[in-house]
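Right, one structure below, let's go through it.
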Amino acid sequence: MRRVTYSMGVSLDGYIVGPDGGFDWTAPDEEVFRFWIDEIRGVGVHLLGRRLYETMLYWETADQDPSLDDSTREWASLWNPLPKVVFSTTLSAVEGNARLASGGVAEEIERLRAEPGDGDIAIGGATLAAEAAASDLIDEYQLMVHPVLVGGGIAFFPRHERRVDLELVDTRTFSSKVVYLRYRVARQGASGR
């Protein structure tokens, strides 16, 4: 069964966006960017909320910019053809290889898991991740922890009154002092998930 992963940059105090709405502190250096390029190769479909979708729209035409370096072109060549499912109550249309979700997060994930396909089902955005987590649908949490405290904003982890046990699967420290943490949700008696 395809894994569902939630992966984003996060401040050391646990936020994906600061109190001012900014996330410029997540801008990757070349080493971290190469890591993200390698990671996106394992994704089969990406689920996004409206805000993240609108942020990522830049990549739909980025490859037309002659000043881009090779890494940025490579990312665009992987991101653009990647199927995307956008969750929004305000958008009536989406661009590129994206479609608007026809159901809720849990319904979409179960439908995608039932379809033939390779690669992970990646979730981008705290609101979507919180919905998937509430239904126990996230298999892995992947954090790129940046050495900054932002003091508030949008939290990476959903704030639910339930315990989730995790197993550390991978860790890596980059020269920029950014730390990658990958945790698998520990499920009793689960196999293949």
Side-chain angles (χ1 to χ4, degrees), residues 2-11 13-28 33 36 39-40 42-65 68 72 75-115 117 119-144 146 148 150-162 164:
R2 296 168 82 179
R3 289 182 311 177
V4 176
T5 63
Y6 171 37
S7 180
M8 293 194 76
V10 60
S11 65
D13 54 349
Y15 297 97
I16 62 170
V17 174
D20 61 354
F23 53 93
D24 58 329
W25 43 271
T26 64
F33 194 55
W36 283 125
E39 287 295 301
I40 200 71
V43 173
V45 61
H46 209 292
L47 311 183
L48 306 100
R50 180 192 53 80
R51 283 184 299 236
L52 184 57
Y53 165 74
E54 289 175 342
T55 299
M56 297 302 284
L57 271 176
Y58 162 80
W59 294 104
E60 292 298 323
T61 57
D63 59 352
Q64 297 169 17
D65 181 348
L68 292 185
T72 308
W75 170 265
S77 74
L78 294 167
W79 178 258
N80 286 346
L82 182 67
K84 298 162 202 74
V85 180
V86 180
F87 293 81
S88 173
T89 57
T90 58
L91 295 176
S92 57
V94 290
E95 298 175 32
N97 197 17
R99 67 172 175 83
L100 285 169
S102 57
V105 175
E107 181 183 347
E108 286 287 343
I109 289 172
E110 291 306 324
R111 188 183 63 71
L112 288 166
R113 280 185 164 162
E115 291 178 352
D120 294 340
I121 299 168
I123 296 178
T127 302
L128 285 182
E131 288 182 46
S135 297
D136 195 28
L137 293 172
I138 296 180
D139 300 305
E140 287 190 5
Y141 291 90
Q142 301 170 359
L143 298 83
M144 192 65 77
H146 293 263
V148 61
V150 297
I154 299 174
F156 177 91
F157 289 105
R159 303 290 185 222
H160 293 294
E161 299 284 329
R162 86 181 172 97
V164 178

### Message
Is it the case that atom CZ in F87 sees more than 12 heavy atoms from other parts of the structure closer than 6.0 Å?
### Response
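Yes.
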Could you measure the distance from the [atom1] atom of [X] to the [atom2] atom of [Y]? Nearest 0.5 Å is fine.
X    : Y    : atom1 : atom2 : answer
H46  : L82  : NE2   : CG    : 7.0 Å
E107 : L112 : CD    : CG    : 10.5 Å
L128 : R51  : CG    : CZ    : 10.0 Å
E110 : S135 : CD    : OG    : 8.5 Å
Q142 : E39  : CD    : CD    : 5.5 Å
L143 : I16  : CG    : CD1   : 10.5 Å

Would the distance check show the side chain of [X] and the main-chain N or O of [Y] forming a donor-acceptor pair, the cut-off being under 3.5 Å?
X    : Y    : value
R2   : G119 : yes
E60  : N80  : no
Y53  : E95  : yes
D20  : G22  : yes
D139 : V4   : yes

### Query
Would the F156 and Y6 ring centres measure less than 6.0 Å apart?
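Aromatic pair counts; centres sit under 6.0 Å.
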### Message
So, applying side-chain contact (heavy atoms from CB on, under 4.5 Å) with R3, which one of I121, D120, I138 is it?
### Response
D120
#### Entry: Min side-chain heavy-atom separation E54-L91 under 4.5 Å
yes
